[in-house]
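Just below is one structure, and these are the notes that go with it.
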There are 2 protein chains.
Amino acid sequence: MNDKATASQAERKRGEGVKFVYDILRDDILDLVLPPGSPIDEVQLAERLSMSRTPIREALVRLAGEGLVTTLPNRSTVVSNIDFLNLHTFFDAMTLMYRVTTRLAAQARTAADLETIRARQQEFARAVETHDALAMIAANRDFHAAIAEAGRNPYYTGLFCRLLDEGRRILRIYYSSFDDHLPHRYVVEHEDIIAAIEARDVEAADRLASAHADQIVRQIQEMIARDRRQQIAL
Amino acid sequence: MNDKATASQAERKRGEGVKFVYDILRDDILDLVLPPGSPIDEVQLAERLSMSRTPIREALVRLAGEGLVTTLPNRSTVVSNIDFLNLHTFFDAMTLMYRVTTRLAAQARTAADLETIRARQQEFARAVETHDALAMIAANRDFHAAIAEAGRNPYYTGLFCRLLDEGRRILRIYYSSFDDHLPHRYVVEHEDIIAAIEARDVEAADRLASAHADQIVRQIQEMIARDRRQQIAL
DNA sequence: TGTATTTTATTTGTCGACAAGAATTTCCGC
DNA sequence: GCGGAAATTCTTGTCGACAAATAAAATACA
């Protein structure tokens with residue numbers, strides 16, 4: 001499934017076995033290589049990564065803690081489903097965290113923070129230019145995570161990153177039907193947000209982040225609606 | 001250390017071993033039976049609970065995911081420290097979650113929710129009456145968790161409960177010096193919040209929750225300041 | 001006596017194995 | 001042929017053991 005799996009299977013230092021399998025599983029889940037509902041076979045995984053079941057189970061416990069997998073007692077553990085019925089709670093939390101983290105960044109950012117944020121924005125712009133939807137999703141995540149880091153509230157960054165990851169999963173679903181023609185608008189909006197953070201203009205940062213979040217929510221909802229129509233048409 | 005440990009050591013169903021040790025450790029950590037910085041000896045725990053190290057390690061991984069313990073690679077795992085230098089980030093997040101969850105509860109509460117909330121409030125009032133500080137802390141947590149549940153946003157309830165737990169740890173530290181004469185004011189404030197939720201008055205709920213949060217933050221800061229003075233006096 | 005170095009001891013991370021539950025298949029009565 | 005009980009296969013949760021990594025102790029040396 002994952003290339004990294006077969007690659008460095010032999011030489012692995014003691015103590016990083018759990019992190020190894022955790023990273024692989026996490027990536028595969030967020031990239032939908034393992035779609036929601038997929039059962040995760042411990043034995044099979046252990047064979048493929050040529051390691052014991054113990055570190056794999058510990059990685060699964062960690063993933064379960066983050067809500068990425070669900071462990072049915074005495075039954076198989078499966079990749080967590082996306083709760084489409086309650087997506088509004090996701091959008092609500094997402095919007096709030098966009099606002100809060102951007103506000104805090106405008107208050108607390110250092111010069112170094114700005115530099116990091118700009119670097120992420122550049123990666124994002126490049127992804128948009130090259131029409132690489134998947135890279136764009138990842139870059140967008142890193143961009144906003146960098147802003148959250150600049151806000152220096154680990155409680156917010158924790159929840160926000162979790163939400164961004166969940167969003168990555170949702171977007172992956174619809175970016176197959178989306179024709180990779182990515183709106184340049186997001187790049188501009190990001191630039192505006194950076195400007196507000198640099199100017200330490202908290203209110204502007206809040207307003208822009210709020211508008212940006214609304215954009216994204218609207219886009220996702222539109223994609224869902226389009227997908228619904230398509231399914232009915234079939 | 002914990003009574004429950006020695007109690008039902010023999011008969012334990014398969015599959016609940018991890019939850020068993022998780023609950024014990026969690027309680028001990030939040031009640032400061034295991035103070036911050038305490039090393040957790042896997043072997044010792046295994047002997048005391050008469051079980052293998054495997055389920056204990058999985059419980060520790062889970063606790064590490066919630067930030068309650070810190071695992072130093074190839075070294076012992078210790079109970080996480082309370083970051084007093086950055087308490088303001090805690091207060092900030094706490095206040096926001098108080099507001100958001102109470103707002104949502106005012107929007108989405110059902111009759112059943114109100115009943116649960118009222119029950120928790122009664123327990124809280126009883127704890128205040130009997131001057132039982134420790135019971136009050138726990139009841140307060142349950143009261144606000146019930147409100148958050150009524151808001152029906154798992155992302156918010158997740159973060160909020162984590163914050164409430166961390167607050168429980170912080171309060172425990174200072175309630176030894178606090179003379180158990182608990183302010184009746186909190187009971188009244190809770191009643192006001194309930195009334196706003198019942199009336200579905202979102203703005204009032206927000207305002208009251210905000211004021212309530214400020215109260216609590218102020219009280220904690222006051223306790224810290226008093227403690228500082230006391231330490232200097234000694 | 002104090003410091004550097006080797007030796008010992010403790011503790012962690014990982015492994016293979018086994019037994020309890022669940023899922024599946026087989027077998028039997030109708 | 002079909003529904004249900006018994007047996008089998010599979011998977012999970014737990015265990016004891018071992019080896020790497022670290023901490024502690026003992027020894028050598030200046």
Side-chain angles (χ1 to χ4, degrees), chain A residues 1 4-26 28-29 34 37-65 67-80, chain B residues 1 4-26 28-29 34 37-65 67-80:
Chain A
M1 291 184 179
K4 276 174 286 182
T6 50
S8 59
Q9 55 182 353
E11 355 67 44
R12 204 167 32 244
K13 278 151 222 152
R14 170 196 171 84
E16 59 186 31
V18 176
K19 185 175 165 35
F20 179 72
V21 48
Y22 169 83
D23 285 339
I24 289 180
L25 279 179
R26 191 188 133 88
D28 281 358
I29 292 172
L34 294 173
S38 310
I40 297 180
D41 188 339
E42 298 175 6
V43 179
Q44 196 178 314
L45 247 179
E47 273 177 25
R48 188 151 62 82
L49 306 185
S50 58
M51 58 184 355
S52 155
R53 273 176 55 224
T54 311
I56 284 164
R57 294 194 104 245
E58 291 187 6
L60 287 178
V61 171
R62 210 169 135 193
L63 288 167
L68 290 178
V69 303
T70 311
T71 356
L72 322 178
N74 275 324
R75 216 97 42 80
S76 68
T77 75
V78 297
V79 177
S80 295
Chain B
M1 288 186 178
K4 276 174 286 182
T6 50
S8 59
Q9 55 182 351
E11 356 68 42
R12 202 163 36 241
K13 278 151 220 152
R14 172 196 170 86
E16 59 186 30
V18 176
K19 185 176 165 34
F20 179 73
V21 49
Y22 168 83
D23 285 338
I24 289 179
L25 280 178
R26 191 187 133 89
D28 281 358
I29 291 172
L34 293 172
S38 309
I40 297 181
D41 188 338
E42 297 175 7
V43 179
Q44 196 178 314
L45 247 180
E47 273 178 25
R48 189 150 61 82
L49 306 185
S50 59
M51 58 186 348
S52 157
R53 273 177 54 225
T54 310
I56 284 164
R57 292 194 104 246
E58 292 188 6
L60 286 178
V61 170
R62 211 169 135 194
L63 287 167
L68 289 179
V69 303
T70 311
T71 359
L72 322 178
N74 277 322
R75 217 100 39 84
S76 67
T77 75
V78 297
V79 178
S80 295

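To find a chain, count down the sequence lines: A is the first, B the second, and so on, and within it residues start at 1.
- Residues forming a side-chain contact (heavy atoms from CB on, under 4.5 Å) with A/Val79 (at least two apart in sequence, or on another chain): A/Ile29, A/Leu34, A/Ser38, A/Ile40, A/Arg169.
- With sequence neighbours left out, A/Asn74 forms a side chain to side chain donor-acceptor pair (under 3.5 Å) with B/Arg14.
- The side chain of A/Glu42 sits closest to D/dT12 out of D/dT12, C/dT14, D/dT14.
- A/Ser76 comes within 4.0 angstrom of sugar-phosphate atoms only, judged by non-hydrogen atoms across all strands, and of no base.
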All N/O contacts under 3.5 Å from nucleotides 20-23 of chain C to the protein, with atom names and distances to one decimal?
residue	atom	partner	partner atom	Å
C/dA20	N3	B/Arg14	NH2	3.4
C/dA22	O3'	A/Arg75	NE	3.4
C/dA23	OP1	A/Arg75	NE	3.3
C/dA23	OP1	A/Arg75	NH1	3.2

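- Note: CG (B/Leu60) to C1' (D/dT14) measures 16 Å, nearest angstrom.
- If you take CG of A/Leu72 and C1' of D/dT11, they are 12 Å apart, rounded to a whole angstrom.
- With distances taken from any side-chain atom of B/Val43 to the nucleotides D/dT12, C/dT12, C/dC15, the minimum falls on C/dT12.
- Distance, B/Asp41 CG to D/dT22 C1': 14 Å, rounded to whole Å.
- A search for side-chain contact (heavy atoms from CB on, under 4.5 Å) contacts involving A/Arg53 returns A/Glu42, A/Val43, A/Ala46, A/Arg57, not counting sequence neighbours.
- In the set D/dT12, C/dT12, D/dG16, D/dG16 carries the atom at the smallest distance from any side-chain atom of B/Thr54.
- Remark on DNA chain C: of its neighbouring residues B/Arg53 and A/Arg53, the 5'-side contact belongs to B/Arg53, judged by nearest-heavy-atom nucleotide.
- Residue B/Leu45 contributes atom CG, which lies 15 Å from atom C1' of C/dT12 at whole-angstrom precision.
- By the side chain to side chain donor-acceptor pair (under 3.5 Å) test, A/Arg26 is found to be paired with A/Asp165, residues two or more places apart in sequence or in another chain being considered.
- Once rounded to the nearest 0.5 Å, the distance linking CG of A/Leu49 with CD1 of A/Ile24 reads 5.0 Å.
- Contacts of B/Pro39 classified as side-chain contact (heavy atoms from CB on, under 4.5 Å), with partners at least two apart in sequence or in another chain: B/Ser76, B/Val78.
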